[in-house]
Amino acid sequence: MFPIIKFRCSNCSLRKYAFSFSSAVAALDSTPHQHQQQRIFVPGVSDQIDRFPGSLDPRLFVSDLKHCRNVSQIEQIHGRVAVFGMLQSLPVANKLLYMYARYKALDEAFAVFGAMGERDAVSWSVMVGGFAKAGDYDNCFRVFKVIVRLGLPLNSYTLPFVLRATRITSNLQMGRALHVLVCKSGLDSDRFVSAAIVDMYAKCGDAEDARKVFDGMPHRDLVSWTVMIDGYADCGAAHESMLLFDRMKEEGVVPDKVTLVTTAYACAKLGAMHKAEYVHGYVLERKFSLDVVLGTAIIDMYAKCGSVRSARQIFDTMEEKNVVTWSAMMSAYGIHGHGRKALELFPLMLQSGILPNRITFVSVLYACSHAGLVTEGKRWFNSMREDYSIQPDVKHYTCMVDLLGRAGRFGEALELMDTMAVEKDEGLWGALLGACRIHGNIALAEKAAECLLELQSSNPGYYVLLSNIYAKEGRWGDVARVRDLMTSRRLKKIPGWTWIEVNNRIYRFGVGDRIHPRSEDIYEKLRSLSVKLELGGYVPDTNFVLHDVDEEHKIEEREVIVRDANRFHHFKEGCCSCGDYW
DNA sequence: GTAGGGTTAG
């Protein structure tokens, strides 16, 4: 006899075999409870079914489908299912749909779906979910609209997929409409549905509505907390993420790895070192193993909070590293201006059997540009195409224009831009404009600015940059023109804020503000530093504010770590790690 | 017996 079902205990060596479905159920029931029972249906068993006339059971086909690992295997079982008339069984037909969708054979899934005489809620959900998971959001919406048009009851399995689709396509309007639908159908009390709504609002940039839904949830589970923490971080409110992390723990919800990854991500966005140590401390305290995702998140967190050394320590202790881990570490060196160290990692990555991807090369080229490694940057740019068959996208070109532009090699930068086959975006023109500002290349700045303004950018930073370039030349008419353009496009200059962490507290200040109770003392200290600087023979260059800091700390003999909008600067003994390549 | 959520690098 050929056993059709096996049982295995995952804790001990117990094995049992059954030769028919009914005896299998009996065997399972007689297994002592302390054993971890695992049912294993022998793959291919439905093929043997004619040898067991009494055991034609839909469950055998379901289990066979479950074991399929590719589309051709599914097609094979599909054939048998058809031969035995098992498509009449909804569980079998639904499982078939699900498996086709799972292995992205959406056409096949659709064909089965169309041929089914009877469809239940599961059939519809599987189609909606299948399209959503495959990234085919148009079809996902299409199927959902049919459900609504047919007046079928909405359920809590379908809606999260549709919400996910609106979230990824950033379709806030559709999201709001779905929210109304959810409330009408009374599904807003379902934790899957409501967490999906929170996620949808946050990922569409509406943190406020996300929080409202979150606060109104009757049952907040770990996932909903995680979604809200992540949502705040994505909306640029990482401070709220950290507050929420604490509140979650206060309410007795225990974070898992995913929550910690998300919190680390939020902390990276916040850039506060003591918070980074707090998150890492929690990971150590709760003895979470540093798997590849959590470890990588912590590397990035430490790097973005200012400690490339801690990032490297984590990197070195990680057993498993993937391409994201290596790219994160290279990026860490890049943002700290340690270009050579980033490049040193590349051959080590190859040695460990990991191949680079397009993002790895963004990290590599970024590292080159911020360390002024022109020759190396050009070499890697060629290598990515020739040795790894990765075609550069606009981000790679931006790094190259940045690299060449900072080095004042405008001819080469323009030549590269002329030959590029991908569409130029505002980031690329912005990089060129930034380089023009550094080298005072007004003619080229005008050209870059023209293209930039044509793209109707909503980033006020570019307008301000251009206006400053004109102002420096005394071209006040042009300054006014750019400012008018900003007004007509309803853009406002975002005020510059600086954060400083002193004794575990974060202080925020803007130009000339006097909010701090000891602001008199602070300004007095600044005045005395200015005097010291002047005595030291320093003449500040008002276009390049960071040079002030450079000299300042030579006077104070301290190591200063400063983060600007892009990267970190380590000032030590009068020099900056960026080598003035910022 | 068939369908479900949150996570890392630019």
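These values consider heavy atoms only, across backbone and side chains, with no hydrogens, waters or symmetry-generated copies. The sequence lines fix the lettering, A, B, ..., with proteins before strands; numbering per chain opens at 1.
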Are [X] and [N] close enough that a side-chain N or O sits under 4.0 Å from OP1 or OP2?
X	N	result
A/Lys133	B/dG4	yes
A/Lys203	B/dG5	no
A/Tyr98	B/dG4	yes
A/Arg164	B/dG4	no
A/Lys304	B/dG10	yes

Nearest whole angstrom, please: distance from the [atom2] of [N] to the [atom1] of [X].
X	N	atom1	atom2	result
A/Leu222	B/dT7	CG	C1'	11 Å
A/Leu106	B/dA3	CG	P	17 Å
A/Met217	B/dG6	CE	P	14 Å
A/Phe288	B/dT8	CZ	C1'	16 Å
A/Met329	B/dG10	CE	C1'	16 Å
A/Trp124	B/dT2	CH2	C1'	17 Å
A/Asp300	B/dA9	CG	C1'	6 Å
A/Asp190	B/dG5	CG	C1'	10 Å

Out of [options], whichever nucleotide has its closest atom nearest the side chain of [X]:
X	options	result
A/Pro91	B/dG1, B/dG5, B/dA9	B/dG1
A/Val362	B/dG10, B/dG5, B/dT8	B/dG10
A/Val62	B/dT8, B/dT2, B/dG4	B/dT2
A/Lys95	B/dT8, B/dT2, B/dG4	B/dT2
A/Asp199	B/dA9, B/dG6, B/dG5	B/dG6
A/Phe192	B/dG4, B/dA9, B/dT8	B/dG4
A/Thr262	B/dA9, B/dG4, B/dT7	B/dT7
A/Arg59	B/dG1, B/dG5, B/dT8	B/dG1

So [X], base contact, sugar-phosphate only, or nothing? Heavy-atom distance under 4.0 Å.
X	value
A/Val292	base
A/Val227	sugar-phosphate
A/Leu96	nothing
A/Val122	base
A/Ala196	nothing
A/Tyr157	base
A/Tyr366	nothing
A/Asp291	nothing

Determine whether a donor-acceptor pair (one donor, one acceptor, N or O, separation below 3.5 Å) exists between the side chain of [X] and the base of [N].
X	N	value
A/Ser156	B/dG4	yes
A/Thr259	B/dG6	yes
A/Asn357	B/dA9	yes
A/Asp57	B/dG1	no
A/Asn94	B/dG1	no

Looking only at side chains, do [X] and [Y] share a donor and an acceptor under 3.5 Å apart?
X	Y	result
A/Thr296	A/Thr325	yes
A/Asp188	A/Ser194	no
A/Ser369	A/Asp402	yes
A/Arg211	A/Tyr232	yes

*Taking NZ, NE, NH1 and NH2 as the nitrogens, is one of them in A/Asp64 or A/Arg80 under 4.0 Å from a carboxylate oxygen of the other?*
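Answer for the salt bridge query: yes.
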
_Lys/Arg-Asp/Glu bridge criterion (N-O < 4.0 Å) met for A/Arg340, A/Glu344_ = no

*Think A/Lys95 forms a cation-pi with A/Phe61, using NZ or CZ under 6.0 Å from the six-ring centre and within 45 degrees of its axis?*
no

_Cation-pi geometry met for A/Lys378 and A/Phe381 (6.0 Å, 45°)_ = no

